[in-house]
Protein chains: 2
Amino acid sequence: MDGTARGPKVVAARSLVEAAYETIRHDILTGDLAPGTKLRFEMLRARYGVGASTLREALTRLVGEALVTSEEQRGFRVAPISIEDFADLTRTRRLIEVEALRQSIVFGDDLWEAGLVAAFHRLSKVEEKLPDAPERQQDEFEERNRDFHRALIAACPSRWLKHMHAILFQQSERYRRIALCDRTVPRDVHTEHKAVLEAALARDVDLACRLEGEHIERTLEVLNELVASKALPLRS
Amino acid sequence: MDGTARGPKVVAARSLVEAAYETIRHDILTGDLAPGTKLRFEMLRARYGVGASTLREALTRLVGEALVTSEEQRGFRVAPISIEDFADLTRTRRLIEVEALRQSIVFGDDLWEAGLVAAFHRLSKVEEKLPDAPERQQDEFEERNRDFHRALIAACPSRWLKHMHAILFQQSERYRRIALCDRTVPRDVHTEHKAVLEAALARDVDLACRLEGEHIERTLEVLNELVASKALPLRS
DNA sequence: GTCAATAATAATTTCGAGATTTCAGAAAAG
DNA sequence: CTTTTCTGAAATCTCGAAATTATTATTGAC
């Protein structure tokens, strides 16, 4: 939300709508645009330097992804967050992602394995240097983490299941960034990822699905502890 | 797709974007705008009588619901349909809807039961007179059918599960309208609905979920037969 | 002082012309 | 004959002012 200078947001987009969409989305996911914030057009125009119609289209897209809410004739707001919402989100994502993983392991071929190992490797690299500068690396970590989870379910033949997963996974990024930034609750994400990877490569469907489910649930547990102990607000 | 005059589409919407969105969505769901159709702005402006930016916003919303596709700098198209897509859609919807129903039956109270019975009653009324004039009644049937399926899972406490369901259910409406219009394959939808209702009211979770799953799958079977026998194209 | 009606202000929503990009067909080169 | 380049036409994309609608402030009546 602050206007301090940071590195120019690198957004390779062909249309202005796309660029605005990606930048605003990023600002919402990082919390730079805080949950519940009213999104006035004058403010947005000054901030992102595009016209009203262009902004409107970008915001409409974000409404479709439930990152923004809109009320007829009353404009747009950053979608609120709450621990209850994250609990619901986590359970739903678990249902979808575990089923997708199950199918992916069954259908996955050598190419899938290769992509998976590659994604894990790249994720590991950024996980190593994550403790040094948590904030700086977060964008890269999120990207690698998303790619790894995508690679896990890449061989799932259901486009719709993967589409549902994409929506839910992006939603949870808002909460994940909060949970990962704070380091009060200790957690070894790398080991969790490694365990899932090995089970998947070993084609141990049940084990992989159980580990993946627990891995997904883990972030909720961390956030629950944070809310309980540190009185983390988590309100809109 | 034709420009012939038909009854004025009754759309109670506060904003023009909303009105355009609902009208276009309806035209896509009914097939009035055929799958794969290029959506040029001049054509849409003439047809729906709103400006380019307004249309753009309405279309963007439809892209979010996967009823329209967009390619950067190349405009919008009505999303294609295929029997493979419907098979995938059906399986995914079954996973979601059955899980939502399971939770709904567990959590449902008297008010839920009342709403369910009411929705079933209204659906029955339109199911009775459906054979007389299949085309005329289809809009009303779709609305009542949607309300009934919504009522079934209304007591499910997960907002996300219900959100996922809404997306998938709307998608399947396109295919359902095709399957229900054609009457070559006999089917007693009313009896299927009644069986699910009774199992749900009896709180027989497993039976209700099994019946609901079969009910969902049934439309796919019908459409599969249609494609096989009558050489129904089902391509974009 | 409270409430309702009205005016002033602020924000959202809509439009259509102009900038930019893609597409289709003809002409030229290989 | 095939491929490439060019050019006009057509379509998409963008902007900012104007219209519409909400919100706030003011006034007057009870």
Side-chain angles (χ1 to χ4, degrees), chain A residues 1 3 8-9 11-25 27-28 33-80 236, chain B residues 1 3 8-9 11-25 27-28 33-80 236:
Chain A
M1 259 311 271
K9 290 154 187 172
V11 172
R14 300 189 63 76
S15 71
L16 292 189
V17 170
E18 184 83 9
Y21 159 75
E22 285 183 10
T23 316
I24 298 175
R25 181 183 59 176
D27 287 353
I28 292 175
L33 283 169
T37 306
K38 186 90 213 301
L39 296 168
R40 290 202 187 75
F41 283 93
E42 199 168 349
M43 181 266 264
L44 294 172
R45 277 190 40 174
R47 187 167 166 143
Y48 301 107
V50 292
S53 311
T54 305
L55 272 171
R56 196 152 244 290
E57 197 179 322
L59 291 175
T60 300
R61 218 168 134 182
L62 290 163
V63 170
E65 295 172 10
L67 288 174
V68 166
T69 63
S70 79
E71 223 179 329
E72 204 82 358
Q73 312 286 11
R74 289 192 197 180
F76 299 83
R77 283 180 171 282
V78 178
S236 59
Chain B
M1 265 304 276
K9 288 154 186 172
V11 172
R14 300 188 61 75
S15 71
L16 291 189
V17 170
E18 184 83 9
Y21 159 75
E22 287 184 7
T23 315
I24 298 173
R25 179 184 59 175
D27 288 353
I28 292 175
L33 284 169
T37 306
K38 186 93 214 299
L39 296 168
R40 292 202 184 75
F41 285 96
E42 200 169 348
M43 182 267 267
L44 294 173
R45 274 190 44 168
R47 188 169 164 140
Y48 302 106
V50 292
S53 311
T54 306
L55 273 170
R56 196 153 243 291
E57 197 179 323
L59 290 175
T60 300
R61 216 167 135 183
L62 289 163
V63 170
E65 295 172 10
L67 288 175
V68 166
T69 62
S70 79
E71 223 179 329
E72 203 86 354
Q73 311 283 15
R74 289 191 196 181
F76 299 84
R77 284 181 171 280
V78 179
S236 59

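Order of the sequence lines sets the chain letters (A, B, ...), proteins ahead of strands, with each chain counted from 1.
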Between [N] ([atom2]) and [X] ([atom1]): distance, integer Å:
X: A/E57; N: C/dC15; atom1: CD; atom2: C1'; result: 15 Å
X: B/L55; N: C/dT14; atom1: CG; atom2: P; result: 11 Å
X: A/E42; N: C/dT9; atom1: CD; atom2: P; result: 16 Å
X: B/L39; N: D/dT12; atom1: CG; atom2: P; result: 9 Å

Any side-chain N or O of A/K38 below 4.0 angstrom from OP1/OP2 of D/dT23?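 No.
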Whether A/T54 contacts D/dC15 is assessed here as follows: a side-chain N or O lying under 4.0 Å from the phosphate OP1 or OP2. Is that the case? yes
Checking A/R40 now: which residues fulfil salt bridge (charged side-chain N to carboxylate O under 4.0 Å, His left out) with it, not counting sequence neighbours?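 A/R40 satisfies salt bridge (charged side-chain N to carboxylate O under 4.0 Å, His left out) with no residue once adjacent residues are dropped.
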With sequence neighbours excluded, tell me which residues meet side chain to side chain contact (heavy atoms under 4.5 Å, CB included) with [X].
X: A/R25; value: A/Y21, A/E22, A/L29, A/L62, A/E65, A/L67, A/Q170
X: B/A52; value: none
X: B/S53; value: A/S53

Under the side chain to side chain donor-acceptor pair (under 3.5 Å) test, which residues partner B/T60, sequence neighbours left out?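 For B/T60 the side chain to side chain donor-acceptor pair (under 3.5 Å) partners, ignoring immediate neighbours, are A/E57.
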Judged by each residue's nearest nucleotide on DNA chain D, which is more toward the 5′ side, A/R45 or B/R40? B/R40
The nucleotide from D/dT14, C/dA11, D/dC15 with an atom nearest the side chain of A/V50 is D/dC15
Would you mind telling me which of C/dT14, C/dG16, D/dT14 lies closest to the side-chain atoms of B/S53? C/dG16
With the threshold set at 4.0 Å, does a side-chain nitrogen-carboxylate oxygen contact exist between B/E18 and B/R61?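 Salt bridge: yes.
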Between the protein and nucleotides 22-25 of chain C, which nitrogen or oxygen pairs are less than 3.5 angstrom apart?
unit_1: C/dT22; atom_1: OP1; unit_2: A/R14; atom_2: NH2; d: 3.4
unit_1: C/dC23; atom_1: OP1; unit_2: B/R74; atom_2: NE; d: 3.3

